[in-house]
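Data first, discussion second: the structure below is written as structure tokens.
Position 1 is the first residue of the sequence, and the numbers go up from there.
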Amino acid sequence: MSGPVLSEVPDECVQLVPCVSSLRREALQAGELSAVRTFSDGFLIKFLRARDSDVELSLKLLLNYQRWRRESPEISSCLSPSSVLGLLNTSYHTVLPQRDHAGSRVLIYRIGQWNPKEWSAFQVFRVSLMTSEIISMETETQRWGLKVIFDLQGWSLGHALQINPSLARKISSVLSDSFPLKVRGIHLVNEPMFFRPVFAMIRPFLPDKIKQRIHMHGADFHNTLSDFFSPPVLPPEYGGEGAGIEKACQDWTNQLIQSEKLLQQIAAHPTGDIAIAPDDSLISEDVQTKQLLDG
């Protein structure tokens, strides 16, 4: 069974067992994870699906994820939706309720709703990381990935001054090789000319595969977004027939707030694998494999 096909099978499918066992074994042998006792099956499956069940690539992604968390504590250690509720209540961000024709989750970020005098780029980045952690637990999203629409209407010099090369590198890492999600498309709308210097900072860090999935639509995006998304998926503000953007943003804000405890547990956990508590007596690989087989 090929990698992409294997990524589509249920979590409890017997064909996944060798991949899960191999990835666990390789991860526990990695020097930088020497203090980790084990990983849960569900956690490892996220990384396998993100790399079409290629164990070597999944291991690299897992190690990158752990390294990114360690090197970016100013972002990864505070995943509290209530701490950025004021930003969320501006209708800055949403995950649309309906997936696109390929099964991908569709995210929208409305940059003009972010007041850079009130909210730092690190706080804004945390919003993205919170959403990413939540949707990465969804089996369908693990399989079919996500697409993002960045609405840059209202982009200003204040926004641009918040993005430095270090943050640009962190952003590009999450988009490309440090988070267990497949990025299927990045769509920029209403992008002004003075956004280009910031994009030029981020672009060199992106792999060619991601660069090829970036689409710039400009102010005439209503005529071009429809080439990528069917009308029922998008809000009317973006040429679609779905729920209005304000309602969609409020619904996702409610979802994040309801996930506060879960997100804080992820942030506090040494590896982010909250299926295994740091101080619990952990079950062995053989027991985990048996559980996977028994479904």
Side-chain angles (χ1 to χ4, degrees), residues 2-13 16 42-43 45-53 58 61 81 88 91-111 113 127-151 174-176 179-190 209-210 212-217 221-259 262-263 266:
S2 65
V5 174
L6 193 58
S7 292
E8 298 174 20
V9 303
D11 289 5
E12 67 274 11
C13 185
L16 272 176
F43 187 72
I45 287 171
K46 288 200 301 186
F47 293 88
L48 286 164
R49 286 205 172 110
R51 290 297 180 265
D52 291 330
S53 300
S58 300
L61 178 62
L88 291 169
S91 299
Y92 161 71
H93 167 58
T94 186
V95 177
L96 297 181
Q98 185 162 322
R99 297 175 183 272
D100 78 346
H101 66 282
S104 299
R105 273 292 206 177
V106 181
L107 286 60
I108 297 180
Y109 294 91
R110 305 167 75 206
I111 303 303
Q113 305 302 111
V127 171
S128 179
L129 197 61
M130 288 179 224
T131 286
S132 297
E133 289 287 4
I134 293 299
I135 65 175
S136 73
M137 298 180 183
E138 301 169 345
T139 298
E140 291 304 295
T141 306
Q142 292 171 13
R143 290 170 175 158
W144 311 118
L146 62 90
K147 294 171 184 171
V148 189
I149 298 172
F150 289 102
D151 186 344
V174 168
L175 288 173
S176 57
F179 203 88
L181 281 172
K182 300 174 181 177
V183 179
R184 299 299 197 187
I186 298 173
H187 299 265
L188 307 180
V189 303
N190 288 319
K209 180 171 65 174
I210 296 295
Q212 293 167 6
R213 294 175 181 174
I214 297 175
H215 308 274
M216 294 191 173
H217 297 267
F221 61 87
H222 288 87
N223 295 326
T224 54
L225 275 181
S226 60
D227 294 336
F228 299 89
F229 304 98
S230 60
V233 175
L234 297 177
E237 294 86 348
Y238 294 90
E241 301 169 354
I245 189 67
E246 298 289 336
K247 183 180 187 307
C249 288
Q250 189 56 58
D251 287 348
W252 185 249
T253 293
N254 292 341
Q255 178 67 43
L256 287 175
I257 292 299
Q258 291 169 12
S259 304
L262 176 66
L263 287 164
I266 293 172

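Contact check for Met137 versus Ile266: side-chain heavy atoms found under the 4.5 Å cut-off. Contact of the Trp252 side chain with the Leu107 side chain is not registered, since no non-hydrogen atoms from C-beta on lie closer than 4.5 Å. The side-chain heavy atoms of Ile108 and Pro235, taken from C-beta on, include a pair separated by under 4.5 Å.
Here the OG1 atom belonging to Thr141 is positioned 11.5 Å from the CD1 atom belonging to Ile134, to the nearest 0.5 angstrom. Rounding to the nearest 0.5 angstrom, the gap separating the OG1 atom in Thr253 from the CD atom in Gln258 is 11.0 Å. Within the model, atoms CG of Leu256 and CG of Asp251 stand 11.5 Å from one another, a figure rounded to the nearest 0.5 Å. Atom OG of residue Ser132 and atom CE of residue Met130 lie 10.5 Å apart, to the nearest 0.5 angstrom. Here the straight-line distance linking atom CG of Leu175 with atom CD1 of Ile186 works out to 5.0 Å at 0.5 Å rounding. Expressed to the nearest 0.5 Å, how far CG of Leu181 lies from CZ of Arg49 amounts to 12.5 Å.
Listed for the His222 side chain is a donor-acceptor partner under 3.5 Å among the backbone atoms of Glu237. No donor-acceptor pair closer than 3.5 Å links the side chain of Ser104 to the backbone N or O of Asp100.
Checked against side chain to side chain contact (heavy atoms under 4.5 Å, CB included), Pro232 has the following partners two or more places apart in sequence or in another chain: Gln98, Ser230, Glu241. Evaluation of the ring-ring contact (aromatic ring centres under 6.0 Å, His included) rule for Phe47 yields Phe43, Tyr65 as partners, not counting sequence neighbours. With sequence neighbours excluded, the residues forming a ring-ring contact (aromatic ring centres under 6.0 Å, His included) with Tyr109 are Tyr92, His93, Phe150, listed by chain and number. In this view, Glu140 and Arg143, Trp144 satisfy the side chain to side chain donor-acceptor pair (under 3.5 Å) rule, not counting sequence neighbours. Applying the ring-ring contact (aromatic ring centres under 6.0 Å, His included) test to Phe228 and every residue at least two apart in sequence or in another chain returns His187, His215, His217.
Screening Gln113, Glu246, Lys247 against Ser91 for a side chain to side chain donor-acceptor pair (under 3.5 Å) leaves a single residue, Glu246.
For Val106 against Phe229, the heavy-atom pair with the smallest separation is CG2-CE2, 3.9 Å. Among all heavy-atom pairs drawn from Pro180 and Lys46, the shortest one is CB-O, 3.9 Å. In plain terms, the two heavy atoms of Pro236 and Gly242 that are nearest each other are CD-O, 3.1 Å. Minimum interatomic distance between Leu61 and Ala50 (heavy atoms only, all atoms of both residues): CD2-CB, 3.6 Å. The two residues Val148 and Leu146 have their closest heavy-atom pair at CG2-CD1, 3.3 Å. Across every non-hydrogen atom of Ser58 and Leu48, the tightest pair is OG-CA, 3.3 Å.
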Would you sort out whether Phe221 and Ile149 count as a side-chain contact (heavy atoms from CB on, under 4.5 Å), showing the intermediate values? CA-CA 11 Å; Phe221 61 87; Ile149 298 172; over 6 Å; no
Dump the intermediate steps for side chain to side chain donor-acceptor pair (under 3.5 Å) on Gln250 and Asn254, then the final yes or no. CA-CA 6 Å; Gln250 189 56 58; Asn254 292 341; 3.1 Å; yes
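Screening residues 128-138 for salt bridge (charged side-chain N to carboxylate O under 4.0 Å, His left out), with sequence neighbours left out, gives Arg99-Glu138, Arg105-Glu138.
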